[in-house]
Each structure stands twice: as structure tokens, then as C-alpha cells.
K.L.:
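Can you keep this structure in mind? I'll have questions shortly.
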Number of protein chains: 2
Amino acid sequence: MAASKCTRLTGELSRRFLTSVDTVLFDCDGVLWRGDEAVTGAPELVNELKLKGKRVFYLTNNSTKTRDMYAEKLRRLGFRAEPGEVFGTAYCTAVYLRDTARLQGKVYLIGGQALSRELEEAGIPHLGSGPDPVTGGFKDWAGVGKDPDVRAVVVGFDEHFNYMKLNRALQYLQDPACLFIATNTDTRLPLEGGRAVPGTGCLVRAVETTAHRQAQVIGKPTPFLYNCVVKECGLEPSRTVMVGDRLDTDIQMGSTCGIRTLLTLTGFSSLEDAKSFQDSGSLSMVPDYYVDSVADLLPALRELPQ
Amino acid sequence: MAASKCTRLTGELSRRFLTSVDTVLFDCDGVLWRGDEAVTGAPELVNELKLKGKRVFYLTNNSTKTRDMYAEKLRRLGFRAEPGEVFGTAYCTAVYLRDTARLQGKVYLIGGQALSRELEEAGIPHLGSGPDPVTGGFKDWAGVGKDPDVRAVVVGFDEHFNYMKLNRALQYLQDPACLFIATNTDTRLPLEGGRAVPGTGCLVRAVETTAHRQAQVIGKPTPFLYNCVVKECGLEPSRTVMVGDRLDTDIQMGSTCGIRTLLTLTGFSSLEDAKSFQDSGSLSMVPDYYVDSVADLLPALRELPQ
């Protein structure tokens with residue numbers, strides 16, 4: 001649709017763009033909020049989109065919140081939001097196991113409360129959540145008790161990740177029939193002030209390294225979150241846009257799914273990053289459009305008829 | 001030296017081979033012992049090599065034992081051994097930091113008691129060994145206290161590895177001037193009966209993934225252990241052989257160092273593995289010679305003059 005890539009959305013172009021869009025898929029962190037503060041003007045934009053009859057969905061790689069918890073945070077920050085609009089990796093991992101893999105058996109879970117709750121909600125039995133202190137030595141670890149009903153290992157964010165959990169994952173994954181699922185492969189969780197802590201991707205790589213296998217990834221840049229939206233809610237790809245702050249996840253996923261992409265510069269990736277992907281020919285990580293902030297779309301949006 | 005690769009050492013060929021060798025570099029686990037039992041005939045072979053005036057060194061990627069602890073285990077299993085003949089990654093990491101990197105400052109250590117002791121022995125101040133329970137949340141982790149004197153992160157085997165240690169490593173490694181050293185990248189520690197537990201390589205990959213950097217690796221297949229032997233004890237490469245059970249570490253290192261290589265089939269790699277590397281042209285992982293067990297060399301060795 002875009003004649004040239006990486007075009008700044010302003011003025012008349014914004015109006016034409018917004019007119020051509022029915023469905024907006026938002027990444028959250030770095031796009032709608034940073035840490036615990038909404039991006040200025042972002043709630044007004046989202047609420048105005050809805051007033052103008054656009055559909056809004058929230059697509060996040062974060063596995064530490066359920067749909068309900070996400071909707072609650074969105075509302076607390078001023079966004080109109082329903083749990084059914086949230087497609088996070090905690091929820092979508094449960095959907096994958098139930099509907100795509102049709103898992104018969106239990107999950108060994110490296111992950112937190114939110115993942116645990118979404119699995120429960122989907123009726124998927126699981127074990128492993130919470131602390132798992134390391135004791136004993138090599139022989140004890142190799143002979144650690146295994147639940148014979150486990151048929152999948154799921155790796156999401158888990159602050160209790162340790163050698164014992166890594167070892168249990170290996171013991172299960174030595175069976176080639178055991179599924180191996182990762183919520184996402186983000187290497188860091190960015191926080192305010194340029195700070196960061198390790199992301200789920202590190203845990204996934206550790207398990208992949210010992211298992212000599214690659215995980216099936218639920219989160220962006222794979223198309224699974226998008227496919228969940230399509231399946232549950234339907235959408236017209238030519239009238240849909242993915243809005244994100246990361247070229248390697250949000251924009252890449254939008255390109256893979258054949259929808260338009262919009263980079264916002266309030267988060268992880270910079271315009272220079274996008275230009276350098278453009279120069280190197282990695283066009284799937286170059287957005288169709290960019291804005292300094294999603295709030296920049298508000299004036300054009302307000303000019304559209306109801 | 002070998003006209004064709006991957007030749008079985010028997011009879012007259014064994015005698016000529018042993019006559020052409022002054023120095024034998026042995027990997028230990030899977031070569032001289034398995035778990036806590038010596039490979040049958042291996043102590044006799046090593047002791048006879050020494051009686052015949054050959055020099056023997058022990059090169060191991062294992063970072064969980066000091067030189068003293070290794071020499072003690074060797075002697076307990078019947079091998080004649082001195083601490084000065086042991087070149088393990090705990091000792092050699094300390095040597096690297098002291099003599100190669102000439103580290104001014106402290107080490108943040110992900111590793112166990114043996115690494116800690118070898119660092120101490122080399123006069124290198126360090127912190128981090130032992131349990132480090134995770135507490136708090138994202139902001140606490142990003143703002144975790146850092147020792148301003150830390151100039152290197154070292155990752156070795158650490159059963160207390162967890163999210164907190166991964167996070168501390170990231171906080172230090174965000175400074176590009178901070179060195180990043182890994183004892184080895186073995187993905188599993190093999191145990192008896194085909195069992196295995198996760199190896200140091202998994203911990204290294206987790207840290208590399210979050211740090212967006214690659215570790216400098218001390219262990220095989222890099223030539224550093226070999227270079228330590230050369231520097232401390234001297235050797236004539238054309239009269240030296242590396243004996244190991246792993247193609248990707250022992251044999252690869254021997255090839256890199258330009259010495260002859262001998263695969264023993266009592267451990268990790270099989271003859272089929274070697275043949276398939278040969279067929280695919282990965283010749284640096286194909287040994288010059290192989291034996292079913294190092295003990296197979298004993299008859300030929302006994303025929304040599306004192």
C-alpha cells in the first residue's frame with residue numbers, strides 16, 4: 001500500500017491513512033505506556049479510535065499478565081479496554097496448547113502466576129510454577145522425579161528460573177515427543193532511563209542449548225498472536241495496521257502477516273535502526289510509516305467523521 | 001603426519017605412533033574415567049607412558065575442580081598425577097585473567113567453589129559465588145547494587161545459577177569495558193547410563209543472550225588450555241597428541257593447534273559421528289586415529305624400550 005517505506009505520517013497523509021484503517025493492533029510497552037505511565041495522549045488516541053468506530057486490539061509478548069490483568073492496567077492508565085481485546089503470550093500460549101497442539105497431558109511450566117492462571121482457565125493441567133530450590137548433586141539432578149503425564153515444556157518469564165528448572169526441562173525434553181513452547185524470545189525487558197533486565201529469551205536459549213532443540217515461539221515476530229485475533233474476532237488485512245516500537249518483533253510480525261506497519265519512536269527502536277535495515281535490504285523490519293508518538297495521530301483522527 | 005584420517009591404531013602402527021610421541025594430552029571424563037570409575041586399563045596406560053619417559057597432561061573443560069582436586073581424583077582412581085599436570089578451566093581461567101587480560105579489578109563470578117579458589121590462588125578478587133536468592137521486582141533488579149571495581153564477568157558451572165545472577169551479569173556487562181569470560185560451552189554433562197544434566201554452555205548462552213555480547217571462551221575447542229601447557233611446560237607439537245572422546249571439543253582443539261589427534265570410543269562421540277564429519281568435509285573434527293579404549297595401546301606401549 002505504501003509507495004515508499006518508512007514515511008512519516010503527518011497532515012493529509014495521516015487522514016488518508018486513518019480513513020483506510022478499520023482495525024488497529026497495538027503493542028503496549030513503549031507504545032501506549034512506558035513502565036507505569038501512559039504515553040502522553042495515547043489514551044485519548046485509543047479512546048477516540050474507538051469512538052470513530054475503529055476496532056482496537058492489544059498484542060503483547062509479555063507473559064507476566066493475564067488478559068484480565070492487562071485490561072485492568074489499560075483502564076487504570078485511561079485506556080478503554082476489555083479483556084477480550086488483549087492478546088498476550090500468557091493467554092495465547094494456553095490457546096495454542098488447547099486448540100492448535102490439542103495437548104493431551106500436562107505442561108511442565110517455567111513461568112509465573114499469569115501463565116499458570118491462563119493455563120488453568122484453558123483447562124490445561126500443569127506443574128512447575130514458583131520456586132524450585134536446587135539440592136543434591138549431578139546424579140540427583142539426572143534422576144530427578146518426572147511426572148509421567150507431562151507432554152509439553154513451556155518457557156515464559158520466570159523470576160524463579162534456576163539450574164533446577166533448567167534441568168527439569170532437559171529431563172522432559174529428552175523425549176522427542178514432548179512439545180517445547182516459548183512465550184517469546186525478547187532478550188531484555190526495557191525499563192525507564194535506559195535500564196533493562198533479562199527477558200524471557202535468555203531462559204529460552206538456556207533450555208534450547210541443553211535440549212538441543214528449538215522452541216516453538218508464540219510471541220511476535222511469529223504470526224501466532226495475529227492469527228488468534230483473526231480467528232477469534234476476524235479482520236480485513238488490507239484495512240489493518242500493526243503499531244509497535246520494535247522492528248524485530250512488532251514490525252517484522254506485521255510484514256509477515258501482510259498488513260501495514262507503523263513504528264512509534266517512544267520505545268525501543270529508533271528511526272536510525274529502521275533506516276539501517278532499509279539500507280541493508282532487510283525490508284521486513286522496515287515499517288511502512290512512523291510517528292514520534294501515537295498521539296501525533298490525534299489531530300487527524302479528530303477531523304474524521306464519526 | 002597421518003596419510004589418511006580416522007585410522008584405527010593397532011599392532012605395528014601403534015608402536016610407530018607411540019615411538020613418535022613425547023607428550024600426551026588427555027581429556028579426562030569419557031577417556032580416563034566415566035563418572036567415578038576409571039576406564040579399565042587406563043591407569044596402567046598412563047602410568048606406563050610415564051615409565052617410558054612420556055610426559056602426560058590432563059586437559060579438562062570441567063570448571064568444578066581445582067588442580068589439586070583433579071590430581072587427587074586421578075590418584076584415587078590409580079593414575080600417577082601431579083597438580084602441575086592438570087590444565088582445567090578453573091585454573092586456566094584464573095591464568096587468563098592474571099596473565100593475558102592482566103585484569104585490574106574484581107571478577108563477578110557465576111561459578112562454584114573450585115573457580116573461586118583458583119581465582120583466590122591467582123590473587124584475583126571476586127564476588128558472586130554461592131546462592132543469590134531473587135527478591136523484589138523489575139525495578140529492584142535493574143537497580144541492583146553493583147561493585148564499582150568489577151571489571152570482568154566469569155561464567156562457569158554454577159548449580160546456584162538463577163535469574164538474579166543472570167541479571168547481575170547483565171548489569172555489569174552493559175559496560176562495554178567489562179570483560180566477559182566463559183570457562184566452556186559444553187551443553188550437557190554426560191553421566192552414566194546415557195543420562196545428562198545441563199552444562200555450563202547453557203548458562204553462558206543465557207548471559208550472552210541478554211548481554212548482546214559473546215563470551216571469550218577458555219575451554220576446548222579454543223586453544224587456550226593447550227597454550228597454557230606450552231607456556232608453562234613447553235612441548236614439541238610434532239611429537240604431541242591430543243586424546244579425547246569429543247570431536248567438537250578435544251579433536252577440534254587438537255586440529256586447531258596443529259597436533260595429532262586420537263579419538264577414544266569410551267565416551268561421548270562415536271566412530272559414526274567421525275565418519276559423518278569426514279563425509280561432510282568438516283575435517284577439523286575428524287581424528288587422525290581412533291581406539292576403542294586408551295587401554296588398547298598398552299600392549300604396544302609395553303613393547304617399547306624404557
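Numbers restart at 1 for each chain; the letters A, B, ... are given by sequence-line order, proteins then strands.
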K.L.:
Using non-hydrogen atoms and a 4.5 Å limit, figure out which bit of Gln174(A) sits close to chain B: side chain, backbone, both or neither.
P.N.:
side chain
K.L.:
Counting heavy-atom pairs under 4.5 Å with chain B, which one of Thr187(A), Val204(A), Asn162(A) comes out on top?
P.N.:
Thr187(A)
K.L.:
So Trp33(A) and Tyr70(A), would you call those rings parallel, tilted or perpendicular, with 30° and 60° as cut-offs?
P.N.:
parallel
K.L.:
Taking Ala196(A), Gly201(A), Gly35(A), Ala211(A) one by one, which has the highest count of heavy-atom pairs under 4.5 Å against chain B?
P.N.:
Ala196(A)
K.L.:
Using only heavy-atom distances, determine whether the side chains of Thr64(A) and Asn62(A) contain a donor-acceptor pair under 3.5 Å.
P.N.:
yes
K.L.:
Among Asp250(B), Asn61(B), Asp186(B), which residue meets the side chain to side chain donor-acceptor pair (under 3.5 Å) test with Lys220(B)?
P.N.:
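Single pass found, and it is Asp250(B).
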K.L.:
Might you point out which heavy atoms bring Ala274(A) and Val286(A) nearest each other, and give the distance in Å?
P.N.:
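Where Ala274(A) meets Val286(A) most closely, the heavy atoms are O-CG2, 3.8 Å.
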K.L.:
Looking at Cys202(B), Ala142(B), Pro198(B), which has the largest count of heavy-atom pairs under 4.5 Å with chain A?
P.N.:
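Ranked by contacts with chain A, first place is Pro198(B).
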K.L.:
Taking NZ, NE, NH1 and NH2 as the nitrogens, is one of them in Arg34(A) or Asp29(A) under 4.0 Å from a carboxylate oxygen of the other?
P.N.:
no
K.L.:
Is it the side chain or the backbone of Val134(A) that comes within 4.5 Å of chain B heavy atoms, both, or neither?
P.N.:
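Side chain only.
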K.L.:
Please classify the contact between Ala169(A) and chain B as side chain, backbone, both or neither, with a heavy-atom cut-off of under 4.5 Å.
P.N.:
neither
K.L.:
Out of Met164(B), Glu192(B), Arg195(B), return the one with the most heavy atom pairs under 4.5 angstrom to chain A.
P.N.:
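Max contact count across the listed options: Arg195(B).
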K.L.:
For Leu166(B), is it the side chain, the backbone, both, or neither that has a heavy atom closer than 4.5 Å to a heavy atom of chain A?
P.N.:
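Its backbone and side chain both get close to chain A.
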K.L.:
Tyr91(A) and Thr66(A): side-chain donor and acceptor closer than 3.5 Å?
P.N.:
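No pair is found: no donor N or O on one side chain lies under 3.5 Å from an acceptor on the other.
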